[in-house]
Amino acid sequence: MSGKGVRPRLMAIHDGLLAHFGPRGWWPGESPFEVMVGAVLTQHTSWKNVERAISNLKALGLTSPEAIMKAGEPGLLGALKPSGYYNLKAKRLRALCAMALSHGKGGLRPKVLELPLEELRGALLAVKGVGPETADSIALYAAGHPSFVVDAYTRRLLLRHGLMEGDPPYEDIRAWFMEKLPNDAALFNEFHALIVAVGHHFCGPMAPQCGLCPLGSDPHLILS
Ligand code: SF4
């Protein structure tokens, strides 16, 4: 994952994707707290299912950490059902809310989001069920910190474009992006959303559509 000219190449990848897909407007959510909820609920399910669960929570007025804690676990199960693994997700969501409230008020923009990046990340990673991808999604999209999010789409793109070998740990890939790119939350926000878009539309696990892909001119393994 080394070599000269990595930043210009990454920026060319970003710009090519942006030219094709346009700004993605991430993360969908009416408040930072809704982004936090979405980041937990999206584990192991599609965004469509998350939207249904969030809409259920809103219908019940469960739009703040205080309301989620007051509802109790049983009070969340029906609303979370569309997101799958709803028993587990109710526990995780409440654990996240409890952590947030331990740092001050909750509401639509919990006080915990004002922590510096590494402190916030540490607090999030200490919550049971919150891994680095969820923590960085919250740090970037809810708190606005420059914290690069790595997911399966990111790994696949780096591997297929010869920018990564093997299966490096999450933290190494995140640190690599953050070292190679300007420290810019808006750039990280857009770049991750664009990687998800290319992964979703062209770079699937089985049959990548390189001939149609906006990254077809960047050197990559011959996959189709
Ligand atoms: S589909 Fe092909 S060209 Fe597009 S990102 Fe995947 S490997 Fe690269």
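Heavy-atom basis, side chains included; hydrogens, waters and symmetry copies ignored. Atoms within each ligand, like the ligands themselves, are counted from 1 in listed order.
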**Item:** Numbered atoms and elements of ligand 1 in range of Cys203, under 4.0 angstrom, heavy atoms
**Value:** 1 (S), 5 (S), 6 (Fe), 7 (S)
**Request:** For atom 8 (Fe) of ligand 1, decide whether His161 has an N, O or S atom at a distance under 2.8 Å.
**Result:** yes
**Message:** The test is salt bridge (charged side-chain N to carboxylate O under 4.0 Å, His left out); show your working for Lys105 and Glu66 and say whether it passes.
**Reply:** CA-CA 8 Å; Lys105 74 164 186 60; Glu66 289 89 343; over 6 Å; no
**Prompt:** How is the hydrophobic cluster of Leu125 composed, in terms of its other members, when Ile, Leu, Val, Met, Phe, Trp and Tyr link through side-chain heavy atoms under 4.5 Å apart, directly or indirectly?
**Reply:** none
**Prompt:** Is it true that some N/O/S atom of Cys210, main chain or side chain, lies under 2.8 Å from atom 6 (Fe) of ligand 1?
**Reply:** no
**Item:** Those atoms of ligand 1 less than 4.0 Å from some heavy atom in Arg160
**Value:** 7 (S)
**Request:** Could you tell me which atoms of ligand 1, counted from 1 in the order shown, lie closer than 4.0 angstrom to a heavy atom of Cys213?
**Result:** 1 (S), 3 (S), 4 (Fe), 5 (S)
**Request:** May I ask you to decide if Arg156's main-chain N or O and His161's side chain share a donor-acceptor pair within less than 3.5 Å?
**Result:** no
**Request:** Kindly state each residue pair satisfying ring-ring contact (aromatic ring centres under 6.0 Å, His included) with at least one member in residues 73-110, sequence neighbours excluded.
**Result:** His44-Tyr85
**Message:** If the cut-off is 4.0 Å to any non-hydrogen atom of Phe202, which atoms of ligand 1 fall inside it?
**Reply:** 1 (S)
**Prompt:** With a cut-off of 6.0 Å (strictly less than), are more than 12 heavy atoms of other residues, nucleotides or ligands near NE2 of His201?
**Reply:** yes
